[in-house]
Protein chains: 2
Amino acid sequence: MESEQVRGSVDQGDVTRANSLARSVFSDIADKWSLLVVNVLGDRTLRFTELHRSIEGVSHKMLTQTLRRLERNGLVERTVHPVVPPQVDYRLTEAGRDLRDTVNGLCGWARRHLDVIEEARRLHG
Amino acid sequence: MESEQVRGSVDQGDVTRANSLARSVFSDIADKWSLLVVNVLGDRTLRFTELHRSIEGVSHKMLTQTLRRLERNGLVERTVHPVVPPQVDYRLTEAGRDLRDTVNGLCGWARRHLDVIEEARRLHG
DNA sequence: CCGTATCCTCTCTGATACTG
DNA sequence: CAGTATCAGAGAGGATACGG
């Protein structure tokens, strides 16, 4: 992606690094659950169970995996409170909140093109 | 997503429809290959083989499947020229180009947060 | 409450070979 | 060139049970 920039004034090595990284990040966040988690979290701080309830259809396992991946990419911050029963809070980092704005754009896009999509599905479905 | 809007002035049924549709669209486009195809196509019109060459690592089969799905959702237009050898052109629809702008936002996001992501990966990797 | 591990199923993916 | 069909292996995802 952004292949035009290769010919631009940006440092070549930097661009290559950006491309491959962006690509691997895409692989990590471009899935349904990650996007939904980012959206649901928003500006709030939620516990594991609250997230689980908020995202319909996600399994315990998938939610855990998704949260670990998001944490690994610096999008989500995980806070463990040493109490019994255990309490763990999740919230978006700054990068995560920035991503959420972009994801909101995606939602806006879906809303704007509802009709086109539905018609296309009727035609080709 | 957009759950705040449920309490807003928008028609309730419309919101529900938008949410479930957005969700099913997400499932269809929120994958690596779809996003890459949308990005590579941009404003151009490309043939199957050109796309295949442009997107490193995609198999013949996956590219076909991805293009079918994108067509099914009204993001890509497929034009078959009745010549021998066959020639098939792919280009983004208006909805597709609109999506590409959003996806570009995603690329921009990745570029902006390169350092944060890399550091998070070092820490948690 | 939160997380991990195991098992089992089912889909996805790539390789290959074949049609128009 | 563009697309379909088939097959086998890999991997994702769900259910369940158990540990901190």
Side-chain angles (χ1 to χ4, degrees), chain A residues 23-38 40-41 44-73 75-92 120 123-125, chain B residues 23-38 40-41 44-73 75-92 120 123-125:
Chain A
R23 193 155 175 151
S24 80
V25 172
F26 265 35
S27 313
D28 269 15
I29 64 157
D31 69 280
K32 193 167 69 167
W33 300 133
S34 294
L35 296 181
L36 285 172
V37 165
V38 168
V40 165
L41 268 179
R44 298 179 291 177
T45 296
L46 293 178
R47 303 179 56 173
F48 182 87
T49 312
E50 294 172 327
L51 274 170
H52 197 191
R53 269 196 298 267
S54 300
I55 302 176
E56 197 189 7
V58 72
S59 70
H60 189 114
K61 183 184 181 180
M62 285 313 297
L63 184 54
T64 306
Q65 282 184 8
T66 302
L67 288 170
R68 289 292 168 281
R69 208 168 35 228
L70 291 174
E71 189 188 3
R72 185 180 176 297
N73 284 308
L75 304 182
V76 160
E77 207 170 55
R78 181 167 169 268
T79 311
V80 182
H81 301 284
V83 296
V84 288
Q87 172 166 352
V88 181
D89 290 339
Y90 291 95
R91 69 187 196 91
L92 294 180
L123 284 174
H124 303 283
Chain B
R23 193 152 174 153
S24 80
V25 173
F26 266 33
S27 312
D28 270 13
I29 63 157
D31 68 280
K32 192 168 68 167
W33 300 134
S34 295
L35 296 181
L36 285 171
V37 166
V38 167
V40 165
L41 269 179
R44 297 178 292 178
T45 296
L46 293 179
R47 302 179 57 171
F48 183 87
T49 311
E50 294 171 327
L51 272 170
H52 198 189
R53 269 196 298 268
S54 300
I55 303 176
E56 196 188 9
V58 71
S59 71
H60 188 116
K61 183 184 181 181
M62 285 313 297
L63 183 55
T64 306
Q65 283 183 8
T66 303
L67 287 169
R68 290 290 168 284
R69 205 169 37 229
L70 290 174
E71 189 186 3
R72 184 179 175 291
N73 284 306
L75 303 183
V76 160
E77 209 170 55
R78 182 169 168 267
T79 312
V80 182
H81 301 284
V83 296
V84 287
Q87 173 165 352
V88 180
D89 290 339
Y90 292 94
R91 68 185 196 92
L92 293 181
L123 284 174
H124 304 284

Query - Atom pair OG (B:S54) and CZ (B:R47), whose distance is rounded to the nearest 0.5 Å - result: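 Taking OG in B:S54 and CZ in B:R47, the distance rounds to 13.0 Å.
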
Please pick, from [options], the nucleotide with the shortest atom-to-atom distance to any side-chain atom of [X].
X	options	answer
A:K61	D:dG3, C:dT6, C:dG3	C:dT6
B:S59	C:dC2, D:dG3, C:dG14	C:dG14
A:V88	C:dC1, C:dC2, C:dT4	C:dC2
A:M62	D:dG14, D:dG3, C:dC2	D:dG14

Query raised in the report: Which residue, A:T45, A:L67, A:L46, forms the side-chain contact (heavy atoms from CB on, under 4.5 Å) with A:Y90?
Result: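 Only one option passes, and that is A:L67.
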
Could you state the atom-to-atom distance from [atom1] of [X] to [atom2] of [N] in whole Å?
X	N	atom1	atom2	result
A:F48	D:dG20	CZ	P	19 Å
B:E71	D:dG3	CD	C1'	13 Å
A:H52	D:dA15	NE2	C1'	12 Å
A:L63	D:dG14	CG	C1'	14 Å
B:L51	D:dC1	CG	P	14 Å
B:D31	D:dA12	CG	C1'	14 Å
B:L67	D:dT4	CG	P	11 Å
A:H81	C:dG3	NE2	C1'	16 Å

**Report entry** Nearest non-hydrogen partners of A:L51 and A:V40, listed with the distance
**Finding:**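 Heavy atoms only, the tightest pair is CD2-CG1, 4.0 Å.
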
Query raised in the report: At their closest point, which heavy atom of A:I29 faces which heavy atom of A:S34, and how far apart are they?
Result: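 For A:I29 and A:S34, the tightest heavy-atom pair comes out as O-CB, 3.5 Å.
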
Query raised in the report: Closest nucleotide of DNA chain D for B:R68 versus for A:Q65: which of these residues is on the 5' side?
Result: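 Between the two, 5'-proximity favours B:R68.
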
Phosphate contact ([N] OP1 or OP2) by [X] side-chain N/O below 4.0 Å:
X	N	value
A:R78	C:dG3	yes
A:R47	C:dC2	yes
B:Y90	D:dG3	yes

**Report entry** Donor-acceptor pair under 3.5 Å, B:H60 side chain vs D:dG3 base
**Finding:**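 Indeed there is one.
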
Report task. Kindly assign one of parallel, tilted or perpendicular to the pair B:H60 and B:H52, based on the angle between their ring planes and the thresholds 30° and 60°. Result ->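 Ring orientation, 0 to 90° scale: perpendicular.
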
Query raised in the report: More 5' along DNA chain C: A:P85 or B:R69, using each one's nearest nucleotide?
Result: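 Per heavy-atom nearest nucleotide, the more 5' residue is A:P85.
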
